[in-house]
Structure formats: structure tokens, C-alpha cells
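Predicted model, so just to flag it, every value in this text is computed and none were measured.
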Amino acid sequence: MKILLAAHVFSPSIGGIESCSMELALAFSNLGHQVQVITQTPSNNADDNHGIAVIRRPRRGAITRAIRWCDVYFQSNISLQTAWPLIFERKPWIVCTHTWLRNSDGTTSLLDRVKKLALRLATNIYISESIRDHVGQSGFVVPNPYNATTFRLITGIKRERSLVFLGRLVSDKGCDLLIRSLGMLRNSGFAVPLTIIGDGPEAEPLRKLIKKEHLGGVVHLTGFLSGEALARELNRHQVLVVPSRWEEPFGMVALEGIACGCIVVGSSAGGLRDAIGPCGMTFMNGDMKALSQAIRDAIEKKDSPEVYWAKASAHLERHRAESVASRYLRIFEQAYRKSHRTAEILAN
């Protein structure tokens, strides 16, 4: 099958959607299918494509030719900018919605409303039940894949550290809530160290907050880590905390932590709970008291970590790239057969 994958952002850009799109493109290719990617992300070097045919910042003619080439046209998030040739080139159109079609303040723009209407014409895939409910169109829920080659249990590393946070240092990710929760725990006589992995505009305010909460001796910021260095650091920790204020559409970071042997404590609204599955516990977004209690429960192992780890294998298997790609391919094949039946009916 010839698969055209449209991803507005792609490698070498770094993020959840970029990682998911790359994992799927590689898995489709490894499973014997021809894959091309169109993206607006420019290249940094010759290794950015990882062996995948990538058309970067395509002009209109290039988009049309790519759609004409494919058997199925798959968009990683809907893009009207690259969907218009379907008016003339009738191909099965499959869209995976990765995020909320709304503004950060909860309002819905005219463009978002138009996108929701356009999705009625597509075969829809959603990364979580929360996203499907939000969009309001029928479709398939297929979770995101994670990089099982990088994120794994690594022998020879002692799991001697307690808490770790991984993410961009921005307000939405709630790292400040985590620091304040640690302050509450310390005041109750339960001091627990924390490693913060990541960088962002809130780095300096977080350092000031750490000082204000008198946690300078127990909170350590590593800065940005990736690849093998990141996996090794996660393997040193017992509990990964994902204290997001906003409703995460999914939560790739939870899978990465689970794969590295961490119990996950994460906020409950949105799709993050789907990513955590049976391998951790959740608390209400923004509730520092509940977050503090969840952290204490995880550290004190009131629920044995073996209970989580015993379930981690099956949970992670659902999210391996080949498993996720196989589910996508079944949907692609169904859409392709339906498209051909429709074409035959119209031709007759």
C-alpha cells in the first residue's frame, strides 16, 4: 500500500506529535508499505528523514502529485492547507486528531469549527476517548506509540531516586504545583527528593520557587535530556509525576516512564489516564492536596510496585509502534476497500 502521511510538524522538530508521526512512518515502512511524508518542518541535516521519503514545505503542485501517488492519504491532525487537493484527487482520507480543536481559554475559533465540519468527510482516528468525545464524530480510538528501542528497562542501573518530572517547563505542565506539593509534604514531615528534566521559559521562576519553598537541597534540575541519556535517567527513579494543569490529549511521557520501570502519578482529566492505564494512579488536575497524597502513596508503596509492573508488559505492548501501526493499517485497508466500492458504483 502507498501511504501518504501529512504531518505539519515532523523530525527534526521535537514533540509528541512529531515522535508519533515518525514512529508510525517507520513502522508502516518496516511492515512492507511505501511511505511518503509531507511536512512544513525544514530539515537540519541529511539524517532527519531516518530513511523515510520526506517532502518538506511542499508547494501546491507537490502536494497534488503526492496525493495522486498514494493509495490512502493520512493526516496526523487535520490540515485544510494540505487537504484541498482531495476535491480533485479522490483518495481515502484518514485523519488522526491528536489534540483539542479549541483555544487555550476554552473558546472555539471559526477555523476549529470548520475543521470539525470537515472531519465529517474523513475516516476518523483519535488518540484517546476524551479527544473522540470532544470532536463528536464517530471513529476509531487508537493510542499513540512510544519508542520501545530507546525507552526500556536498562540493567545495571540502581533505582535509587524517588521522583522525576519530565516535560517542558511551562505553566500548563504544572511543575510549580509539584514543587509546592513537595513543600506541603516536607512541612508534614515527609521530605522527598525530585529530579526535574526539561527546559523552558518557566525554568528561572521554578528555581525561585524551589528556593522559596526551601527545597534547594532536594530538587535538582538537569536541563533538557533526550535519547539514551533520558532513558538512563528515568531508570534511576521510582515514580514519574505528570502534574499537568491542562487536560493532556494523551501523554506520551507516561508511556516512556512506564517503559523505564516507573510508577506514574498523573492528572486525571483528558487522555493522560489512558496512557497511564493500570501502571499508576491519578489525581484531579490542579489539586495539590490530592497530588501530595498520591505521591506519598506511590513512594510508601501502599500499592506494591509489582502490581503495576506485572501489568506494564501488556499495557506497553498495546503501544508498541508495530502494534499501533497494525491497527492503523486495518483502518486504512477498510477505507481503501470502501473507496474502491464507491468508485465502482459511481462508474456503473
Side-chain angles (χ1 to χ4, degrees), residues 4-10 13-21 24 37-42 55-60 62-64 66-67 73-89 91-144 167-174 200-202 242-253 267-275 284-286:
L4 177 62
L5 192 163
H8 187 80
V9 288
F10 195 69
S13 178
I14 296 173
I17 294 176
E18 296 93 317
S19 297
C20 177
S21 298
L24 287 174
V37 174
I38 55 175
T39 182
Q40 298 302 314
T41 302
I55 306 168
R56 298 182 181 275
R57 295 187 172 180
R59 295 180 180 273
R60 290 186 176 185
I63 297 172
T64 301
I67 292 177
Y73 183 34
F74 168 52
Q75 287 191 325
S76 188
N77 269 341
I78 184 172
S79 169
L80 301 179
Q81 180 183 358
T82 58
W84 63 267
L86 291 170
I87 298 172
F88 310 102
E89 302 291 338
K91 296 295 177 76
W93 181 33
I94 300 100
V95 179
C96 179
T97 301
H98 286 263
T99 192
W100 317 107
L101 295 178
R102 66 189 182 205
N103 298 320
S104 57
D105 61 2
T107 60
T108 305
S109 68
L110 175 60
L111 178 59
D112 288 332
R113 291 195 290 270
V114 170
K115 286 181 176 180
K116 282 189 176 184
L117 288 172
L119 285 173
R120 296 180 180 181
L121 304 175
T123 297
N124 287 289
I125 299 174
Y126 306 101
I127 63 171
S128 65
E129 292 183 5
S130 294
I131 293 293
R132 181 181 60 185
D133 294 343
H134 162 71
V135 173
Q137 301 290 340
S138 61
F140 304 89
V141 176
V142 182
N144 278 342
R168 272 183 52 77
L169 303 186
V170 294
S171 178
D172 283 347
K173 296 300 182 180
E202 294 294 315
V242 191
S244 300
R245 276 189 174 85
W246 87 309
E247 298 179 7
E248 294 282 355
F250 183 70
M252 189 86 71
V253 64
S267 48
S268 60
L272 180 56
R273 61 180 179 270
D274 295 356
M284 186 63 68
N285 297 50

Legend entry - Side chain Thr107, main chain Asn103, donor-acceptor under 3.5 Å: no
Inset, instruction - Any chance you could lay out the salt bridge (Lys or Arg N to Asp or Glu O under 4.0 Å) test for Arg273 and Glu248, step after step, and finish with the verdict? - result: CA-CA 9 Å; Arg273 61 180 179 270; Glu248 294 282 355; over 6 Å; no
Legend entry - Listed once per pair and sorted, the salt bridge (Lys or Arg N to Asp or Glu O under 4.0 Å) pairs that draw on residues 132-142, sequence neighbours left out: none
Legend entry - Asn124 (side chain) donor-acceptor with Phe140 (main chain) under 3.5 angstrom: no
Legend entry - Donor-acceptor contact below 3.5 Å, side chain Asn285 vs main chain Ala269: yes
Inset, instruction - Quick one: pull up CG in Asn77 and OG1 in Thr99 and give me the separation to the nearest 0.5 Å. - result: 7.0 Å
Inset, instruction - Output the distance between atom CG (Leu4) and atom CH2 (Trp93), rounded to the nearest 0.5 Å. - result: 13.0 Å
Inset, instruction - State, yes or no, whether a side-chain contact exists between Phe74 and Leu24 at a heavy-atom distance under 4.5 Å. - result: yes
Inset, instruction - Rounded to the nearest 0.5 Å, what's the gap from CG on Leu101 to OG on Ser109? Could you check? - result: 8.5 Å
Inset, instruction - Could you list the residues that satisfy side chain to side chain donor-acceptor pair (under 3.5 Å) with Glu89, not counting sequence neighbours? - result: Arg68
Legend entry - Atom pair CD1 (Ile87) and CG (Leu121), whose distance is rounded to the nearest 0.5 Å: 10.0 Å
Inset, instruction - Would you give the length of the straight line joining atom OH of Tyr73 to atom OG1 of Thr123, rounded to the nearest 0.5 angstrom? - result: 14.5 Å
Legend entry - Check: Glu202 and Lys173 side chains under 4.5 Å, non-hydrogen atoms: no
Inset, instruction - For the residue pair Ile127 and Pro249, establish whether any side-chain heavy-atom pair is separated by less than 4.5 Å. - result: yes
Legend entry - Euclidean distance, His8 NE2 relative to Gln75 CD, rounded to 0.5 Å: 11.5 Å
Legend entry - Neighbour count above 12 (heavy atom, 6.0 Å) for His98 NE2: yes
Inset, instruction - Taking all heavy atoms of Met252 and all of Gly16, pick out the closest pair and write down the distance. - result: CE-O, 3.8 Å
Legend entry - pair Ser244-Asp172: side-chain heavy atoms closer than 4.5 Å: no
Inset, instruction - State, with a plain yes or no, whether a side-chain heavy atom of Ile131 is found less than 4.5 Å away from one of Trp100. - result: yes
Legend entry - Exercise: identify the closest heavy-atom pair between Gly251 and Leu272: CA-CD1, 3.9 Å
Legend entry - Beyond-backbone contact of Asp274 with Pro143, side-chain heavy atoms, under 4.5 angstrom: no
Legend entry - Donor-acceptor contact present, side-chain Thr39 to main-chain Ala7, <3.5 Å: yes
Inset, instruction - With sequence neighbours excluded, give me every salt bridge (Lys or Arg N to Asp or Glu O under 4.0 Å) pair touching residues 102-122. - result: Arg102-Glu247
Inset, instruction - Could you tell me which non-hydrogen atom of Cys20 sits nearest to which non-hydrogen atom of Asn144, and how far apart they are? - result: SG-OD1, 3.2 Å
Legend entry - Any side-chain heavy-atom pair of Ile38 and Ile67 under 4.5 Å: no
Inset, instruction - May I ask you to decide if His134's main-chain N or O and Tyr126's side chain share a donor-acceptor pair within less than 3.5 Å? - result: no
Inset, instruction - Taking Arg245 for its side chain and Ser171 for its backbone only, find out whether a donor-acceptor pair lies under 3.5 Å. - result: yes
Inset, instruction - Search all heavy atoms of Gly270 against all heavy atoms of Ser130 and return the closest pair with its distance. - result: O-OG, 3.0 Å
Inset, instruction - Give a yes-or-no answer on whether the side chains of Ser13 and Thr41 include a donor-acceptor pair shorter than 3.5 Å. - result: no
Inset, instruction - Indicate the atoms forming the closest heavy-atom contact of Gly200 with Arg168, along with that distance. - result: CA-NH1, 4.4 Å
